[in-house]
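Let me begin by presenting the structure, written as structure tokens, before commenting on it.
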Amino acid sequence: MSSNPVAATVASLMPRAKEELTELVAFKSVADFGQFPREESEGAARWIAGALTAEGFEDVALLDTPDGTQSVYGHLPGPEGAQTVLLYAHYDVQPPLDESGWTTPPFELTERDGRWYGRGTADCKGGFIMHLLALRALKANGGVPVHVKVIVEGSEEQGTGGLERYAEEHPDLLTADTVVIGDAGNFRAGLPTVTSTLRGMTLVRVRIDTLEGNLHSGQFGGAAPDALAALVRVLDSLRAEDGTTTVDGLAGDSAWDGLQYDDGQFREDARVLDGVELIGAGTVADRIWARPAVTVLGIDCPPVVGATPSVQASARALVSLRVPPGVDAAEATALLRAHLESHTPWGARVSTEQIGQGQAFRADTTGPAYRAMADAMAVAYPGQEMSRAGQGGSIPLCNTLASLYPKAEILLIGLSEPEARIHAVNESVSPDELERLSVAEALFLRNLASGAH
């Protein structure tokens, strides 16, 4: 790859990329302002705006989106008559979870064993750096041959829909011929991959009440209805004996027809403990890319430390349901809420509340942009052909863009390969992946402009 001038330029820029990603990771930009200061997210947004301005972008703006967060926009003009490409990333990150589980501080980029560790290194601050590297490499080798728009979201991880609503209210802002979403990842490091489907998602909070207040378990236990026990039964009803998701009325038998995922490799990637079985039926690809999947994200109940001998009067849980392409997220939400309510035992009072929702996405992979990306990846990853995979996660903006700009091709690439451990402790990015994908994106933009694919 070093014989390619674009690749050589990207390689020379990697030390600068590390410095910039270090600065960006240092912002504790979790878009939950009950947990983290708003100033951290706003600081990250200003940093990105400054980086775009320094690269010659015009109309750089901090967009105040309806959910109270900021997205960053900029436009880099290209040659007259050229195509317009929209590059997407997000700067908000997941909370670090238990910081004691991190080997090094989550908001300090640290190099270890050939990887860069820190929250957001892969998901998705690294994605923004990838876009910068690609554009810088092109500018150093003849110029950027397309018009480029960049949008960097401030609340993707929260699923609050701020940028989607802003885009709908300003439909001309993000219009483009091609969209590159830099928030996915290769099937594994070294295997170039585009993500062609995303599961949608819904978040529902369920609350169960049985008593006016907690009661002494010795005096009342055995007859007084326990809200926590009722909640456990409700949550258990969401899975069959083998762990398959079972929401009344929701189909769960679709099959994945693309790249397959070996069971043993999945166990290794997911770090499943020895002797513990995988859950569900069908292939791993079926289960994680083509079928619904329920996860209990949290339960409000007394912690073990400090617990008292009480029958619980109330209990709550937050339930996530991932839904595959072909399933309407609003319909899935209604089915999930109905299931939770109908499976509540003992006449307990139950209430459900929708917290967030995003539709599934399926890309059209037959257009010229996909051929241009395949050719670019073949150069960036010598000897490897581009693969097509699904992703269990959700990027709600994809459907908004597909709806607003139905003629635009949408491609999903990124740095979140399995070793990245996004959303978990010790998230990291492979600098080799950052380098190769930046080369691929630069060559892709060149291929797209020239039609040489």
Side-chain angles (χ1 to χ4, degrees), residues 30-32 34-35 67 90 92-98 123-124 155-161 164 183-184 195 197-208 231-240 243-252 254 270 278-280 284 286-301 315-344 350-361 390-399 416 421-425 427:
V30 179
D32 180 349
Q35 293 188 69
D67 62 354
H90 64 83
D92 72 305
V93 298
Q94 285 284 336
L97 304 175
D98 181 6
D123 184 25
C124 179
S155 58
E156 190 274 341
E157 298 290 7
Q158 297 298 314
T160 46
E164 293 99 276
D183 190 26
T195 298
T197 67
L198 299 168
R199 286 192 297 195
M201 58 85 71
T202 184
L203 285 174
V204 171
R205 182 183 294 142
V206 55
R207 173 172 176 149
I208 293 179
L231 178 62
V232 168
R233 287 205 171 189
V234 171
L235 299 179
D236 184 59
S237 74
L238 293 168
R239 293 191 183 278
T244 298
T245 293
T246 53
V247 174
D248 293 344
L250 185 63
S254 297
L278 301 184
I279 62 172
V284 169
D286 293 340
R287 284 173 264 178
I288 65 173
W289 298 332
R291 296 179 180 177
V294 71
T295 305
V296 179
L297 301 184
I299 299 178
D300 285 340
C301 60
R316 296 194 310 170
L318 183 62
V319 178
S320 164
L321 178 65
R322 301 285 180 170
V323 293
V327 176
D328 179 70
E331 180 182 349
T333 301
L335 291 172
L336 176 60
R337 296 180 69 175
H339 180 106
L340 294 168
E341 292 165 6
S342 66
H343 284 264
T344 300
V350 57
S351 60
T352 60
E353 178 186 4
Q354 179 186 323
I355 304 301
Q357 180 179 284
Q359 295 288 354
F361 171 77
Q391 182 172 297
S394 307
I395 306 174
L397 182 67
C398 285
N399 280 291
S416 298
R421 304 285 292 164
I422 65 170
H423 293 203
V425 298
E427 176 184 347

Apply side chain to side chain contact (heavy atoms under 4.5 Å, CB included) to L321 and V204, showing your working.
-> CA-CA 8 Å; L321 178 65; V204 171; over 6 Å; no
List the steps and the verdict of side-chain hydrogen bond (donor to acceptor under 3.5 Å, both in side chains) for T202 and Q354.
-> CA-CA 8 Å; T202 184; Q354 179 186 323; 5.1 Å; no
Counting distance only, does the side-chain N/O of D248 pair as donor-acceptor with the main-chain N or O of H339 below 3.5 Å?
-> no
Rounded distance (nearest 0.5 Å) linking atom OG1 of T160 with atom CD of Q357 = 13.5 Å
Side-chain touch V425/R421, heavy atoms, less than 4.5 angstrom | no
Verify, without hydrogens or angle tests, whether T246 (side chain) and R239 (backbone) share a donor-acceptor contact under 3.5 angstrom.
-> yes
How close do P324 and P292 get, heavy atom to heavy atom, and via which atoms?
-> CD-N, 3.7 Å
Rounded to the nearest 0.5 Å, how far apart are CG of D328 and OG1 of T333?
-> 8.0 Å
Reference residue L397; test side-chain contact (heavy atoms from CB on, under 4.5 Å); the match among H90, E164, E156 = E164
Which residues share a side chain to side chain donor-acceptor pair (under 3.5 Å) with E353, sequence neighbours left out | R205
Spatial distance of atom CD1 (I355) from atom OG (S320) [nearest 0.5 Å] | 12.0 Å
In terms of heavy-atom contacts, A332 and L250 come closest through CB-CD1, 4.4 Å
Of all heavy-atom pairs linking V323 and V327, the shortest is CB-CG1, 4.1 Å
The single option from V247, T352, L235, L297 passing side-chain contact (heavy atoms from CB on, under 4.5 Å) against V319 = L235
Where T195 and A184 come nearest, the two heavy atoms and their spacing = OG1-CB, 3.4 Å
M201 and A329 have their tightest heavy-atom pair at O-CB, 4.3 Å
Under 3.5 Å: donor-acceptor pair, side chain of R199, backbone of I288 = yes
With sequence neighbours excluded, tell me which residues meet side chain to side chain donor-acceptor pair (under 3.5 Å) with R322.
-> S394
Go through the steps to decide whether L238 and H343 satisfy the test side chain to side chain contact (heavy atoms under 4.5 Å, CB included), and finish with yes or no.
-> CA-CA 9 Å; L238 293 168; H343 284 264; over 6 Å; no
Can V30 and Q158 be said to form a side chain to side chain contact (heavy atoms under 4.5 Å, CB included), step by step?
-> CA-CA 9 Å; V30 179; Q158 297 298 314; 4.2 Å; yes
Derivation and outcome, side chain to side chain contact (heavy atoms under 4.5 Å, CB included), residues D183 and D123 = CA-CA 7 Å; D183 190 26; D123 184 25; 2.9 Å; yes
Under 3.5 Å donor-acceptor, S254 side chain and D286 backbone | no
Counting only N and O atoms by type, is there a donor-acceptor contact under 3.5 Å from the side chain of D300 to the main-chain atoms of R316?
-> no
Does T245 use its side chain to pair, donor to acceptor, with the backbone of V294 at less than 3.5 Å?
-> yes
Please round to the nearest 0.5 Å and tell me the distance separating atom OG of S351 and atom CG of L340.
-> 10.5 Å
Donor-acceptor contact present, side-chain N399 to main-chain Q359, <3.5 Å | yes
Which atom of A424 lies closest to which atom of L97, heavy atoms considered | CA-CD1, 4.1 Å
